[in-house]
Every structure is written in C-alpha cells, then in structure tokens.
Amino acid sequence: MSLTAQIQAVRGMNDVLPAEIGLWQRLEAVARELLEAYGYSEIRVPVVEHTELFKRAIGEYTDVVEKEMYTFVDQGGESLTLRPEATAGIVRAVIGNGMLRGQRHKLWCTGPLFRHEKPQKGRFRQFHQIDVEAIGFAGPDLDAELIALTARLWRRLELSRVSLQLNSLGTADARRAYRVRLADYFKAHEPRLDADSRRRLQGNPLRILDSKNPDMQELVANAPVLTEHLDAESRAHFDALCAALDSLGVRYRINPRLVRGLDYYSRTVFEWVSDALGSQDAVCAGGRYDGLIGQLGGEATPAMGFALGVERTVELLRQASRQPDVPHPHVYVIVNGERAAAQSLKVVESLRDALPQLRFELSLGGGNFKSQFRRADRSGAELALVMGDEELGRGAAALKPLRQDAGQSECPLGELPERILAALAAERGATHTSGGTGEATGESIGG
Ligand code: ATP
Ligand code: MG
C-alpha cells in the first residue's frame, strides 16, 4: 500500500469535522431529551460481537449477512463481526445480563455501525444510528407510542419533509403460509429472477421483495401481498395501531411492499422516508420483533424497536439550515510581555475556577499585540482581557469590550471575576439595544 493510500480514510468511512459537529450534537441532544421524557434509558454495548449472533438474529439470506458484514478472525481464532445493526447486541446484553425475568425495558443507544455496502450519497460503510428498543410490551399501544415518539422528534427538529410508511408482516406462522404462495409466484417467473433472487428463492423468498435491483421491480410489484394473508390477531393488532395513529393525528401510508431488510421482524414494520434525500430516502425504520428474543435463547418476550440514520437526519437538518451557533469564547485573553506570559496561565486557570460557566480562550504562543487582537476579533469573543507587564506591575489587567466601540478599563486582578460578569452584561445590553449579535447565544452568564 502506498503512503498516500495509507493516510486516506477508508472508503465509505467519514470524518465529522468541527464545522459539521453542531448538527450532530443538536440531533443527539434533542433525541436524548425526548427519549428520557418517554422513559428510555441509555445502554452502551460493544461494537464487536460474535459473528454467530448476527447470523442468527438478522437471518442468513439477508443482504447484510450475505455480503455486508465486516467479519474477521481475532488472535484467539474467534470469528467476530463489527456490528452491522444494534438490536442484536442489545438483545444479547439484555438476555446475558439476566434482565428479562418478566421485566420490561425501554432502552436506547447510539454509535457507529458497519456495512460493506456500495458507498454513495446517504450510504456509507461506517454510519451512525440512534437505536431505540422497547422490550416486554405486547400490545399495539407500544407500537403507537413508539411511532408517536418519532413523529415528535421530527417536530422538535422542525423537519417537515418526512412521511411515514406502515405495514404488518403478521406472525411467523402467517408468514410461512405466505412464503409458500410467494415462492410459487416467483418460481413461475424464474427466468426473470437475478442471481441473488434465485438463491433467495431457495433460502427465503420474502427477501426477494427487498431487492434493490431496478430490473426486478416490476416482478416484485406484481407479487401477491402479505397484508391479505394476515392472521386474525395480527390484523387486530394492526387495526388498533392504525386507529391509535389516526386519533393522534399521525399520518401514514400503508405500504404492503414494506418488508424491511432484516429477518427478525414480525407484525408492525414502519419506515420514515424523505423526498429530500434522493434515492437513499429512509431516515428512520423499525418494527416489532416478537420472536427474536426467544430465537436467541431468552425467554419468549415481545419487543419492538427502530433505528434512526444519523447521517441522513443530519443532512435534512443541514438542508433546513438549522445550523446551531458554534460556541464562541466569552473572553479572549491577550498576553503582552514576559511577566504576563509567565503569569497568564495561572490567572486564567483561577478565573476558570471562579467562573465555570464562561468560556475563556488564552492566546497561547503569544505573538505581537496587533495580531493577538485580530485573533481575538476572529474568535467571536465578547470581551478581551489584556494582561500586559505594565498593568501586572500594578496588580491589574485591562478589560476591553470587542463588539462595541468602547475603550479599555483597568481592573485589579482580585476583582476580575465580578468585573468580567459586569462587562459582559453591559456589552450584551448595549449590543442588544443597538441590534447587534451579542444576544445570539441567548445564554445566561450570571452564574
Ligand atoms: P436502506 O433501505 O437505506 O438500506 P436499511 O433498511 O438497510 O436501509 P436499517 O438497517 O433499518 O436500514 O437501518 C435504519 C436506518 O439506518 C436507515 O433507515 C438509514 O437511515 C440508516 N442506514 C442504514 N444503512 C445505512 C448506510 N449504509 N449508510 C447510512 N445510513 C444507513
Ligand atoms: Mg440496507
């Protein structure tokens, strides 16, 4: 591998730079607050699991397991996989830590996922999700609450170009009967199947419905639909969910082709899509997985979850230009002279003790007076604290407002904390009435 190849990021894996991080943090903060308000607790699980876990949970005949997993053998000879999705690991943790025992859990987590897909707009090899799981809830009231939570999240983020698609996959039994009908249909059209679909016809014909191959779409569109083969209980569950969403005013479209890419789903599945994202249009997707916990060796427990794609949601926020303010320092500390250079760090550290609510930026590395003032202006700081040898000789420093035309005033070192607060308050008052930007952060500095 050449040196330049070594210093490039891995294809499909992105850096999130400081200029972009604001939207990520905003999304995380809004989601965290909302999830807590609905009673969800954060859980953190490893990024690496035994390969077998994903094979058993996700299903052998899925795109993810067949061709997208980052699987490797570790030094001890074990086959491990970078998680391609979060549900399997969370369920493994809940079972393994003895958390089931008839108890109910509302859990969420966030972090990176890994899939060896073809990188393109909105599709990466390392991507991030906010993953939400409700374990131990059988009734459609949970389905409705979970979907209402996602609808509220879009409202809080002020994103309107999203719409909800809904379907029911029925129970495993109902799906088995449907599978036979579907296999008959695709067998009758076998010459038109692509290689993937032929393999799936043997393994799991349902997966053919999830094909992304444009040449397959017509065949898929004419296939029999599952919704007509629902068992009575799944039908009642789905009807109750639809009625609840109607009563909440959450709009949806029933899409009988929505089968989702992972095998573990049963009954309700849903997907939020956006017309603002191009072909990678799903921002948030999930469903019920009543059989998964039993299948992985836990006591049979109904559950439902969803995952929100962070990159795609951030892209929607970016388009809506909901760029939060980059936090600027409140006080920029300018250092002039040798004695000042020697003392400034200590003075600023004690100011950080006294005023923990404020952001200080110390002009590290010094430089001439003029260039330091330029840096102070560029930093967006509201106030400069000038520490010069001359003032220090008198046990003082100088304060200068940066956003209005005011001179600097000298202040004894011992009075700096109060004087800084007063100067910031005065400057905010002045810029506020003169229509400046001083109030942009809207934060309180009173302490
Ligand atoms: P898609 O249909 O886009 O492939 P999926 O059905 O594979 O999505 P899930 O496994 O349910 O998606 O993941 C939930 C969400 O995670 C998706 O709706 C999407 O927003 C996001 N996501 C999935 N795969 C990727 C990826 N490779 N890059 C970026 N985001 C992704
Ligand atoms: Mg996918």
Side-chain angles (χ1 to χ4, degrees), residues 9-16 24 27 31 54 57-59 61-70 81-91 108-133 146-147 150 153-154 157 159 161-167 169 196 200 206-207 209-214 216-217 220 255 257-266 268-289 292 304-319:
V10 175
R11 197 161 117 82
M13 306 206 178
N14 302 312
D15 304 309
V16 183
W24 286 64
L27 170 59
F54 298 118
I58 299 171
Y61 295 94
T62 55
D63 271 350
V64 171
V65 168
E66 273 183 343
K67 47 191 180 193
E68 295 173 358
M69 295 208 298
Y70 280 89
T81 294
L82 299 184
R83 63 176 179 202
E85 58 95 60
T87 306
I90 293 176
V91 166
W108 71 277
C109 84
T110 184
L113 293 305
F114 303 85
R115 293 182 193 174
H116 197 270
E117 303 199 70
K118 188 165 158 244
Q120 53 199 287
K121 184 172 184 281
R123 190 174 296 289
F124 312 105
R125 291 182 171 172
Q126 175 178 289
F127 61 99
H128 296 76
Q129 289 180 341
I130 294 172
D131 190 79
V132 179
E133 314 288 353
L146 208 54
I147 291 174
T150 56
L153 180 64
W154 309 130
L157 293 169
L159 294 177
R161 289 179 70 175
V162 286
S163 62
L164 175 62
Q165 301 199 358
L166 205 58
N167 192 22
L169 300 181
D196 274 347
R200 285 168 190 175
L206 233 86
R207 286 271 68 80
L209 296 179
D210 201 39
S211 167
K212 301 262 176 358
N213 182 352
M216 291 285 304
Q217 294 315 307
V220 165
N255 174 4
R257 304 283 160 208
L258 185 65
V259 293
R260 311 282 305 111
L262 318 173
D263 270 355
Y264 52 60
Y265 289 111
S266 57
T268 311
V269 288
F270 71 97
E271 203 162 278
W272 285 94
V273 295
S274 172
D275 63 357
L277 289 175
S279 43
Q280 276 27 270
D281 62 351
V283 275
C284 173
R288 230 173 220 289
Y289 51 91
L292 179 65
M304 179 169 175
F306 70 82
L308 171 141
V310 172
E311 281 82 355
R312 293 182 197 175
T313 308
V314 163
E315 172 59 20
L316 290 178
L317 290 169
R318 198 189 57 72
Q319 286 179 19

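First listed ligand is number 1; within each ligand, the first listed atom is number 1.
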Review item, side-chain donor-acceptor pairs of residues 126-133, under 3.5 Å, at least two apart:
unit_1: His128; atom_1: ND1; unit_2: Glu311; atom_2: OE2; d: 2.8
unit_1: Glu133; atom_1: OE1; unit_2: Tyr289; atom_2: OH; d: 2.7
unit_1: Glu133; atom_1: OE2; unit_2: Thr87; atom_2: OG1; d: 2.7

Could you establish whether Arg115 and ligand 1 come within less than 4.0 Å of each other, counting only heavy atoms on the residue side?
yes
Side-chain heavy-atom pair Val269, Asn167 within 4.5 angstrom cut-off:
yes
Under 4.5 Å between any side-chain heavy atoms of Phe124 and Gln280, yes or no?
no
Using heavy-atom distances, let me know which of Ser279, Ala86, Ala282 sits nearest atom 20 (O) of ligand 1.
Ala282
Is there at least one pair of N or O atoms, one from Arg123 and one from ligand 1, spaced under 3.5 Å apart?
yes
Looking only at distance, does Arg312 have an N or O less than 3.5 Å from an N or O of ligand 1?
yes
Taking N or O atoms only and a 3.5 Å limit, does Ala307 qualify as a polar contact for ligand 1?
no
State the atoms of ligand 1, each with its element, that fall below the 4.0 Å cut-off from a heavy-atom position in Val283.
18 (O), 20 (O)
Give yes or no for whether the N/O distance cutoff of 3.5 Å, strictly under, is met between Tyr265 and ligand 1.
no
For the pair Arg318 and Glu315, evaluate salt bridge (Lys or Arg N to Asp or Glu O under 4.0 Å) and give the outcome as yes or no after the intermediate values.
CA-CA 5 Å; Arg318 198 189 57 72; Glu315 172 59 20; 3.0 Å; yes
Check whether any side-chain heavy atom of Val16 sits under 4.5 Å from a side-chain heavy atom of Val314, and report yes or no.
no
Numbered atoms and elements of ligand 1 in range of Cys284, under 4.0 angstrom, heavy atoms
18 (O)
Among all residues two or more places apart in sequence or in another chain, which pass the side-chain hydrogen bond (donor to acceptor under 3.5 Å, both in side chains) test with Arg125?
His116
Under the salt bridge (charged side-chain N to carboxylate O under 4.0 Å, His left out) test against Glu117, which residue among Lys212, Arg11, Arg123, Lys67 passes?
Arg123
Quick check: do Glu85 and Val64 have side-chain heavy atoms less than 4.5 Å from each other?
no
Residue from Lys118, Arg207, Arg200, Arg115 passing salt bridge (charged side-chain N to carboxylate O under 4.0 Å, His left out) with Asp63
Arg200
Check contact between Glu85 and ligand 1, using heavy atoms of the residue and a distance below 4.0 angstrom.
no
Just to be sure I read this right, does ligand 1 sit under 4.0 Å from the backbone of Lys212, its side chain, both, or neither, counting only heavy atoms?
side chain
For ligand 1, which atoms sit closer than 4.0 Å to a heavy atom of Gly122?
28 (N), 29 (C), 30 (N)
Would you kindly specify which portion of Gln129 sits under 4.0 Å from ligand 1, judged on non-hydrogen atoms: side chain, backbone, both or neither?
side chain
In this structure, does ligand 1 have an atom that sits under 4.0 Å from one of the heavy atoms of Gln280?
no
